[in-house]
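Take a look at the structure below.
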Number of protein chains: 2
Amino acid sequence: MVFTHRFPTGRSFDAGKEGIALLRLFLGVDGGQTATKTVVGDEHGTIVAQSSGGPSNHTEEPGGPERLERVVLATIREALTQLHISNPNEHTFAAACFGMTGETDIKTRILKRIVRTEHLKVIHDSVNALAGATAGEPGIIVIAGTGSVARGINEQGEEARVGGWGHQFGDEGSAYWIGRAAVRATLAEYDRMAPKTILTSMLFERLSVTSPYQLTEKYYAGALSRDHLAGLSVWVDEAARMGDKVALEILRDAGRDLAHFAQAVIALVFPRFGDAARRTLDLKFLVCYAGGVFKCEFVLTSFRDSVSNGDRRAEVRPALYPPALGSLLLAYRAAGIDVPPNAMRGWVTSAS
Amino acid sequence: MVFTHRFPTGRSFDAGKEGIALLRLFLGVDGGQTATKTVVGDEHGTIVAQSSGGPSNHTEEPGGPERLERVVLATIREALTQLHISNPNEHTFAAACFGMTGETDIKTRILKRIVRTEHLKVIHDSVNALAGATAGEPGIIVIAGTGSVARGINEQGEEARVGGWGHQFGDEGSAYWIGRAAVRATLAEYDRMAPKTILTSMLFERLSVTSPYQLTEKYYAGALSRDHLAGLSVWVDEAARMGDKVALEILRDAGRDLAHFAQAVIALVFPRFGDAARRTLDLKFLVCYAGGVFKCEFVLTSFRDSVSNGDRRAEVRPALYPPALGSLLLAYRAAGIDVPPNAMRGWVTSAS
């Protein structure tokens, strides 16, 4: 996910030691594959500090737990230093919520040990992404970055997740999926099983290969990583803008696949028929999208059309707030606090 | 590829040193991912010895070249020892053909150094598989083992290859592809995006997992290899025989994908229209199949129906001879010799 946003910093604290002891601060963290983002809010729902650090993933690998510990402590310290709080390592938060990529068992154990807080919540990062996207209201988020996943929650608090099975079994419509489809299109052209595409000359020239054998060998020999494959998605967009029909179809397919995720979640949390039908029949709900893939207009248009045509109740739009703010919202909730709407309006939207 | 076959050994040689010098022997080798198979024929086209050893692949890895050298020298020595030839390492073959999996550059360099022969041919293993399958006649082979590939040659000697791009970009219809489809079917059922299937309980019980998360995690953590995934294809067959519609559809899809490979090769070497149309319009040609996946009746029926309905000229049948005999045939050809048909009839077919 790539969000461009900044946080308005409400005010600074120059409280003495006594003041800090009384200060109730709330911590929201989004621990992702590329960065760990931290926001701190005060008791009025105003964001007072923010910081970011390295990735939080791969805690199951050797050295991973130590890395997570370092990254989390450093970002918290940086945020609290902005508030001129001395001894930031000893500060106790009123509540803290961590939305973390990958497994949560190891992370929960580490965070319980290193974070001082009255309420600690550690959740999968699609949960806080959803909370941020809909500002905590019922709705759906579809995320398409390197991977892809969809999640939804209704007014009864019933949740559903679809996709998110990783590169080997899922990630339909993700940047990785689009990049791999580009390579497959080149191979299919070579095998005369699909039309010609300018993706072939693009991939050959830019990856310095002269045959499909060299192209695939580059991957199998480890010279072309899965992240590289995901990066190729930008060229597919470029080819589509040049009018290449094969590239365009790959991107439209991606949009449709992501719409299928949304539709599967809709069927689970906003069903049209059965017991829940009456209560949701005319109710509009948000279908938010987030992640770098939706920067591509062809994917977005295909996604939007498929979702809207499939269900008129769906209001398709970008995520309202980024995942770190979703975590902050859930931190407040963990302490039994609903953020006042006028405070939330001060939170800069992800689209700005 | 899994072939069950044995070679009839025509006769033994008790020739003295002078006799050996005059003896013209031909060497055919199929160097695959699981085994290296060697056959030796005499000047009459009679198979006089055979042997097998470990795999010949991964020569691009450290230690790979040394392993190939050991395996090849050992299998040749074993075959020549059956003929009571002393100093087998110093025997010079009349011709030798090696059909090798993967890259051929490194392998050619090694084989040139270690094999004494008047004519040396090193080719991709789909070439000798085709030569064996059609007994050197024009035709097509579709191979579906762990991976999948198709190859064809017409009466003008024009060749075409389709597929064979490996697990990341291709291998449609292969055992690996079927195994992965089984896991995907389980995940899709969980996401309510596809019907229920007994594959789910089968995979959960037999792989000792209790959720789709554990199932996919088993792969990503390295506890379930790509070879394991390929092995799951046997369970898909079992589920289909129990009447499971999802499993049945996976296998039928595999058969259709493999038929698409055959059709793409047909379009290239036996075109219906254009310059080549007249000469091939009424000509029958073989579409042979080989590899473990075709042991599955559902795949085979789907494949056979798709190919036959798509082109009435195609005669679908199992490969006539295994790949090592294809190499032997090409070794004879390299020396300008066509094996007499009555000698070839003595070669046991792959189906026996």
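Being a predicted model, the structure only gives us computed values, none of them experimental. Every chain is numbered from 1, with letters handed out A, B, ... down the list of sequences.
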Notebook entry, point to check: Looking at G164(A), P212(A), A160(A), A221(A), which makes the most heavy-atom pairs under 4.5 Å with chain B?
Noted result: P212(A)
Next item on the list: Under 4.5 Å, counting heavy-atom pairs only, tell me which of H260(A), R192(A), R161(A) racks up the most with chain B.
Entry: R161(A)
Next item on the list: Please report the shortest heavy-atom distance between D191(A) and G163(B), naming the atom on each side.
Entry: OD2-N, 2.9 Å
Checklist line | Exercise: identify the closest heavy-atom pair between A264(A) and M193(B) | finding: CB-CG, 3.5 Å
Check: When rounded to the nearest 0.5 angstrom, what is the spacing between CZ in R226(B) and CD in Q168(A)?
Finding: 7.5 Å
Atom group of [X] that falls short of 4.5 Å from chain A, counting heavy atoms:
{"X": "L229(B)", "answer": "side chain"}
{"X": "Y190(B)", "answer": "side chain"}
{"X": "F169(B)", "answer": "both"}

Notebook entry, point to check: Hey, what's the ring geometry for Y213(A) with W165(B), parallel, tilted or perpendicular (30° and 60° as the breaks)?
Noted result: tilted
Notebook entry, point to check: Does any heavy atom of chain B fall under 4.5 Å from the side chain of Y220(A), the backbone, both, or neither of them?
Noted result: side chain
Check: Of the backbone (N, CA, C, O) and the side chain (C-beta and beyond), which part of L268(A) lies under 4.5 Å from a heavy atom of chain B, both, or neither?
Finding: side chain
Notebook entry, point to check: With a cut-off of 6.0 Å (strictly less than), are more than 12 heavy atoms of other residues, nucleotides or ligands near CZ of R256(B)?
Noted result: yes
